[in-house]
Amino acid sequence: QVQLMESGGGSVQAGGSLRLSCAASGYPSNTYCMGWFRQAPGKEREGVALIYSNGGRIYYAPSVEGRFTISLDNTKLTISLQMNNLKPEDTGTYYCAATKVAGSCPNPWPISFGMWGQGTQVNVSS
């Protein structure tokens, strides 16, 4: 059974930084896409950053481009999300997600991902 375990998150002031990590265990495939989604209260879950299993084919949401960096350690099946220059609008629950796929990551829609972590909270105050 695949498990995604998130760590990191917390509370920071605007302009600060946080780092999220997600470790996958029991993953059955060498080709996959992993990434981060977030959901703010009253809003739909949105894709933030995705990375393919070869470390390439990276996607960033326009709202985080240039501020967030996703990375992959495929020997440990772990991804990280370095979040810099955080803004209050980055506040939300951040979820790690994964899907088995060949070639590249799918569109950054939650429905494209079948495996999810429990979520970790990020709060950015102004």
Side-chain angles (χ1 to χ4, degrees):
Q1 183 177 356
V2 177
Q3 288 188 320
L4 302 177
M5 296 294 293
E6 298 129 332
S7 60
S11 298
V12 294
Q13 290 189 326
S17 298
L18 287 172
R19 186 176 181 87
L20 307 180
S21 293
C22 173
S25 60
Y27 205 82
S29 175
N30 292 324
T31 57
Y32 56 87
C33 177
M34 290 182 70
W36 295 94
F37 288 74
R38 68 185 180 189
Q39 189 166 17
K43 294 188 176 181
E44 294 185 350
R45 193 171 296 188
E46 63 172 348
V48 174
L50 305 176
I51 189 166
Y52 187 59
S53 48
N54 65 359
R57 307 294 182 107
I58 292 174
Y59 163 84
Y60 291 107
S63 59
V64 306
E65 185 96 46
R67 301 187 296 122
F68 291 12
T69 303
I70 189 170
S71 58
L72 166 71
D73 181 344
N74 58 16
T75 63
K76 299 180 181 179
L77 287 180
T78 299
I79 61 170
S80 297
L81 185 68
Q82 178 65 41
M83 305 184 293
N84 297 328
N85 191 21
L86 282 160
K87 302 177 180 180
E89 52 263 43
D90 295 317
T91 293
T93 302
Y94 283 67
Y95 297 91
C96 178
T99 187
K100 178 182 176 180
V101 65
S104 64
C105 285
N107 288 316
W109 302 330
I111 196 171
S112 299
F113 290 77
M115 289 162 276
W116 294 88
Q118 293 298 310
T120 185
Q121 185 66 31
V122 171
N123 294 312
V124 184
S125 58
S126 58

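Throughout, residue positions are numbered sequentially from 1 according to the sequence presented. What you see is a predicted model, and the numbers here were worked out from it, not measured in a lab.
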(message) Quick check for you: to the nearest 0.5 Å, what is the distance between Leu18 atom CG and Met83 atom CE?
(response) 4.5 Å
(request) Using a 4.5 Å cut-off on heavy atoms from C-beta on, say whether the side chain of Val101 contacts that of Tyr52. (result) yes
(message) Can you list everything that forms a side-chain contact (heavy atoms from CB on, under 4.5 Å) with Trp116? Sequence neighbours excluded, please.
(response) Phe37, Arg45, Tyr95, Ala97, Pro110, Phe113
(request) For residues Arg38 and Val64, determine if any side-chain heavy atom of one lies less than 4.5 Å from a side-chain heavy atom of the other. (result) yes
(request) Nearest 0.5 Å please: distance from the CG atom of Leu77 over to the OG atom of Ser25. (result) 9.0 Å
(message) Any heavy-atom pair between the side chains of Leu20 and Glu6 that's under 4.5 Å?
(response) no
(request) Can you measure from OG (Ser71) to CG (Leu81) and round to the nearest 0.5 angstrom? (result) 8.0 Å
(message) Using 0.5 Å steps for rounding, measure from the SG atom of Cys22 to the CG atom of Leu4.
(response) 4.5 Å
(request) Quick one: do Asn74 and Tyr32 satisfy side-chain contact (heavy atoms from CB on, under 4.5 Å)? Show the steps, please. (result) CA-CA 10 Å; Asn74 58 16; Tyr32 56 87; 3.5 Å; yes
(request) Consider only side-chain heavy atoms of I, L, V, M, F, W and Y, link residues closer than 4.5 Å, and tell whether Leu50 and Val2 are in one cluster. (result) no
(message) Taking atom CD as the centre, does Gln118 end up with more than 12 heavy-atom neighbours from other residues, nucleotides or ligands that are less than 6.0 angstrom away?
(response) no
(request) Check whether any side-chain heavy atom of Cys96 sits under 4.5 Å from a side-chain heavy atom of Ile79, and report yes or no. (result) yes
(message) Would you compute the distance between atom OG of Ser21 and atom CE of Met5 and round it to the nearest 0.5 angstrom?
(response) 12.0 Å
(message) Nearest 0.5 Å, please: how far is SG in Cys33 from CG in Asn107?
(response) 10.5 Å
(message) Heavy-atom count check: over 12 atoms from other residues, nucleotides or ligands less than 6.0 Å from Glu44 CD?
(response) no
(message) Apply side-chain contact (heavy atoms from CB on, under 4.5 Å) to residues Trp36 and Ile51 and explain how you reach the verdict.
(response) CA-CA 9 Å; Trp36 295 94; Ile51 189 166; over 6 Å; no
(request) Indicate the atoms forming the closest heavy-atom contact of Gln82 with Ser17, along with that distance. (result) NE2-CB, 3.9 Å
(request) Answer yes or no: is there a side-chain heavy-atom contact under 4.5 Å between Arg67 and Asp90? (result) yes
(request) Establish, from distance only, whether the side-chain atoms of Thr91 and Asn123 form a donor-acceptor pair under 3.5 Å. (result) no
(request) Could you please spell out the steps behind the side-chain contact (heavy atoms from CB on, under 4.5 Å) verdict for Ile70 and Tyr59? (result) CA-CA 9 Å; Ile70 189 170; Tyr59 163 84; over 6 Å; no
(request) Assess whether atom CD of Gln13 is packed by more than 12 heavy atoms of other residues, nucleotides or ligands within 6.0 Å. (result) no
(request) List the atom of Ser125, the atom of Pro88, and the distance in Å for their closest heavy-atom pair. (result) C-CG, 4.4 Å
